[in-house]
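Each chain gets a letter, A, B and so on, in the order its sequence line appears, and its residues count up from 1. These figures come from a predicted structure and were not determined experimentally. Any value given below was found using the heavy atoms of this structure, including those in side chains, with hydrogens, waters and symmetry copies removed.
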Amino acid sequence: MDNKSIAQVLAQIADLLEIKGENAFKIRAYRSAAEVVATWPDPVARMDAQQLRTIPGIGKDLAAKIRELAETGVSPYHQQLLAEFPPTILDLLRLQGVGPKTVATLYSTLRISTIEDLAAAAKAGRLRSIRGIGAKKEAQILKAIEERAKDQGRHLLTETAATAADLVSYLQSHAPDVEFMPVGSLRRGCETCGDIDIVAVGGDQTLMDVFVGHPKVEQVLGQGSTKSSVKLAGSYQADLRLVPRESRGAAMQYFTGSKAHNIIVRDRAMQRGFKLNEYGLFKSDTDEKVAGETEEGIYQALGMAWVEPELREHRGEIEAAVAGTLPTLITVGDLRGDLHMHTTASDGKDDLESMAAAAHRLGHQYIAITDHSKALAMANGLDEKRALEHAARIRALNGRYNGLTLLAGIECDILPDGRLDLADDCLAQLDFVVASVHSNLSQDRQQMTDRILRALECPWVDVLGHPTARRLLKRDPIQVDLPAVIAAAKEHGVALEINCQPERLDLSDVNARLARDRGVPLVISTDAHSVAALARLRWGVQTARRGWVRPADVLNTLGVDALRARLRRHRKTR
DNA sequence: GCCGTTTTCGGCCCGACTGTTTTCAGTCG
């Protein structure tokens with residue numbers, strides 16, 4: 001069982017316990033275990049009980065339940081809970097405005113266990129017979145049922161950022177003196193975002209009318225004097241929170257999250273005799289305000305360093321902030337070049353000269369032109385002859401753009417058996433080789449691992465491109481033993497790519513951290529297929545930051561000569 | 001069910017908004 005499946009079972013147990021009305025803290029234990037397992041870098045099914053207990057939030061009982069799941073594929077406890085309710089009851093929990101208490105009441109009073117039952121009962125006006133449910137709630141439930149298909153789904157980070165920027169500029173135009181800041185998962189740079197959170201500082205409640213009046217607002221979920229929620233076209237939910245200036249930092253800290261990070265921070269506050277909320281940090285006994293204007297002030301008062309938003313995921317950042325060992329994270333300004341892009345020679349939209357000129361305008365010191373190889377026929381991939389001719393054209397441009405070095409490269413397919421798509425002597429004559437998997441993505445774990453390990457043995461491979469081949473919200477990562485790939489990359493001196501395509505961001509934050517912790521060099525590359533796409537390095541950088549990556553971990557922070565020296569092909573250990 | 005710089009027992013983050021209420025429970029983030 002993979003981590004995702006195990007996490008799903010744990011989350012379902014939490015849902016079922018909630019409907020049963022069990023102890024809230026027990027529920028939280030299952031819920032937080034599900035979250036930590038879902039993002040744990042190594043397969044937890046392969047860990048023994050003792051190793052499992054080193055994972056924060058997993059104790060004796062949960063370790064035993066995970067072992068059971070790993071060994072037998074089922075959890076008796078889960079099965080037992082499922083037997084108490086029709087499993088379809090869990091679908092009801094997903095409806096906006098319907099929580100565990102309502103689900104339990106619906107089932108115990110009207111025996112409602114499916115969305116269809118619920119819709120029928122609501123239409124017939126039978127729900128309002130239940131204590132605590134009136135006509136409005138009934139209508140709200142019907143609406144939630146209609147909207148449920150649209151509500152599902154998260155959005156890519158880049159799209160969320162664009163929508164948020166649009167919202168902010170709209171609000172700003174109506175309230176020039178108010179400060180608006182996107183917070184939440186967007187500020188943390190999560191690869192996908194479920195909603196948009198914006199903090200407004202220093203305005204009055206008329207802002208809320210402006211907010212719900214945005215032309216893209218389809219539904220107002222709630223509107224108060226300091227907080228409003230709306231549903232936007234494109235099924236985005238957006239929340240606006242208004243706080244006074246003196247609470248700016250507290251509100252940013254609170255609404256940036258993550259939830260797991262905040263729970264730990266607040267726990268720390270409590271232990272030190274404070275109370276922390278979105279308005280500030282207060283002494284518990286006297287309510288005297290200790291901090292709140294700045295985030296830095298809050299963390300400082302709690303005896304820790306300010307934590308970069310990207311690190312706030314409860315992945316060791318609290319301990320590091322207390323110990324003063326937080327990493328200095330990479331920034332876009334640290335990057336000197338871009339090592340993965342395409343031109344019209346294969347499937348790019350813009351030609352070689354246009355791409356080079358654009359890279360020059362961006363201030364890059366070097367770029368690698370890496371068109372596809374012949375196996376990707378659909379993309380007009382290059383064979384050996386065309387690849388070398390293309391390389392000659394690329395090199396001929398050196399000197400044309402002041403300060404820009406062009407490296408003649410290729411993105412060479414890794415064939416299903418692990419051979420590379422182009423002959424060794426061709427690869428040897430290029431300056432730079434990215435090797436990538438593009439096809440036969442459904443190979444089993446063993447086959448895929450063997451395939452990639454074999455490719456990494458080729459001495460001319462400098463970088464492994466988008467290592468897990470995932471497409472966010474569309475396609476799962478390939479099945480592969482990533483720790484083995486990372487070990488092989490380390491052994492052979494191959495760098496791993498963080499691909500900046502919005503739907504790739506591959507390596508992911510968690511996997512980038514894994515590679516970085518094992519001392520494997522990374523590159524951050526756009527994989528641009530057009531001039532416009534050259535600008536998206538920031539998304540890969542943000543993913544890297546979430547992976548605790550420092551400038552020294554990334555090869556394209558180096559100048560061109562130092563970069564060349566670090567490439568595998570120029571290393572003596574080849 | 002987890003966890004420990006006060007604890008191996010007794011805690012466990014906190015507030016806004018809504019709807020159905022005459023003082024609060026449920027949901028959400």
Side-chain angles (χ1 to χ4, degrees), chain A residues 10 13-14 17-19 21-34 36 52-66 77 92-106 127-141 143-144 151 183-185 193-199 205 208 212 220-231 237-243 247 250-251 253-282 284 302-303 314 322:
Chain A
L10 296 175
I13 291 177
L17 291 174
E18 226 173 349
I19 293 171
E22 273 269 6
N23 179 300
F25 300 106
K26 182 172 171 178
I27 294 162
R28 182 193 292 172
Y30 277 95
R31 187 94 56 212
S32 72
V36 71
L52 285 170
R53 293 193 61 178
T54 63
I55 300 177
I58 301 212
K60 183 161 161 272
D61 288 19
L62 274 161
K65 292 204 168 64
I66 291 171
Y77 186 50
L92 304 182
L93 215 45
R94 305 276 91 84
L95 295 170
Q96 174 102 40
V98 177
K101 294 284 190 290
T102 308
V103 170
T105 310
L106 289 171
L127 295 185
R128 63 186 79 170
S129 68
I130 297 175
R131 180 181 167 77
I133 295 183
K136 275 194 174 173
K137 188 80 187 174
E138 199 171 62
Q140 188 190 77
I141 287 173
K143 176 93 178 161
D151 288 351
V183 286
S185 52
C193 302
D195 60 6
I196 296 170
D197 300 299
I198 297 174
V199 164
Q205 73 177 81
M208 296 297 158
V212 303
V220 179
L221 299 171
Q223 182 181 357
S225 57
T226 64
K227 173 185 175 178
S228 295
S229 292
V230 298
K231 193 127 274 175
Q237 182 174 326
D239 296 345
L240 180 67
R241 279 300 290 254
L242 174 63
V243 297
S247 299
Q253 198 286 325
Y254 186 97
F255 295 113
T256 294
S258 67
K259 198 169 159 187
H261 174 88
N262 280 1
I263 286 174
I264 309 291
V265 171
R266 219 159 298 177
D267 186 50
R268 188 173 170 84
M270 219 163 44
Q271 281 173 20
R272 305 189 146 218
F274 297 117
K275 186 182 71 164
L276 179 61
N277 58 30
E278 61 264 54
Y279 300 111
L281 181 68
F282 304 88
S284 333
L302 295 175
H314 185 26
V322 170

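Legend: residues meeting salt bridge (charged side-chain N to carboxylate O under 4.0 Å, His left out) with Lys136(A), ordered by chain and number and at least two apart, are absent. Contacts of Leu242(A) classified as side-chain contact (heavy atoms from CB on, under 4.5 Å), with partners at least two apart in sequence or in another chain: Ala200(A), Leu207(A), Met208(A). For the side-chain contact (heavy atoms from CB on, under 4.5 Å) test, residues two or more places apart in sequence or in another chain that qualify with Ala251(A) are Val199(A), Val243(A), Phe255(A). Remark: Ser258(A) pairs with no residue by the side-chain hydrogen bond (donor to acceptor under 3.5 Å, both in side chains) rule, at least two apart or across chains. For Glu18(A), the side-chain contact (heavy atoms from CB on, under 4.5 Å) partners at least two apart in sequence or on another chain are Asp15(A), Ile27(A), Arg31(A), Pro100(A). Asn23(A) is linked by a side-chain hydrogen bond (donor to acceptor under 3.5 Å, both in side chains) to nothing, counting only residues two or more places apart in sequence or in another chain. With sequence neighbours excluded, the residues satisfying side-chain hydrogen bond (donor to acceptor under 3.5 Å, both in side chains) with Lys26(A) are Tyr77(A). Glu22(A) pairs by the side-chain hydrogen bond (donor to acceptor under 3.5 Å, both in side chains) definition with nothing, not counting sequence neighbours.
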Please tabulate, one pair per line, all N/O donor-acceptor pairs under 3.5 Å involving side-chain atoms of residues 272-281 of chain A, not counting sequence neighbours.
from: Asn277(A); atom 1: OD1; to: Tyr279(A); atom 2: N; distance (Å): 2.8
from: Asn277(A); atom 1: OD1; to: Gly280(A); atom 2: N; distance (Å): 3.1
from: Glu278(A); atom 1: OE2; to: Arg241(A); atom 2: NH2; distance (Å): 2.8

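Heavy atoms of Val98(A) sit under 4.0 angstrom from primed sugar atoms or phosphate atoms, though from no base atom. Among the atoms of the strands shown, none is found under 4.0 Å from any heavy atom of Leu242(A).
Base pairing annotation: dT8(B) forms no Watson-Crick or G-U wobble pair, as no partner gives both donor-acceptor distances under 3.5 Å.
For Phe255(A) and Lys26(A), each mapped to the nucleotide of DNA chain B holding its nearest heavy atom, the one lying further toward the 5' end belongs to Lys26(A).
If you check residues 128-138 of chain A against DNA chain B, the residues with a heavy atom closer than 4.0 Å are Gly132(A), Ile133(A), Gly134(A), Ala135(A), Lys136(A), Lys137(A), listed by number.
One P atom belongs to dT20(B), the other to dA25(B), and the distance between them is 16 Å to the nearest Å. Remark: the separation of the P atoms in dT7(B) and dG11(B) is 14 Å, to the nearest Å.
For the residue pair Gln140(A) / Lys137(A), a side-chain donor-acceptor distance below 3.5 Å is found, with atom types taken as modelled.
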Going 5' to 3' through nucleotides 9-17 of chain B and flagging B where a protein heavy-atom sits under 4.0 Å of the base, S where only the sugar-phosphate is that close, and - otherwise, we get ---BBBSSS

Restricting to nitrogen or oxygen on both sides, can you table the protein-nucleotides 2-7 of chain B pairs closer than 3.5 Å?
from: dC2(B); atom 1: OP1; to: Gly59(A); atom 2: N; distance (Å): 2.6
from: dC2(B); atom 1: OP1; to: Gly59(A); atom 2: O; distance (Å): 3.3
from: dC2(B); atom 1: OP1; to: Leu62(A); atom 2: N; distance (Å): 3.1
from: dC3(B); atom 1: OP1; to: Gly57(A); atom 2: N; distance (Å): 2.8

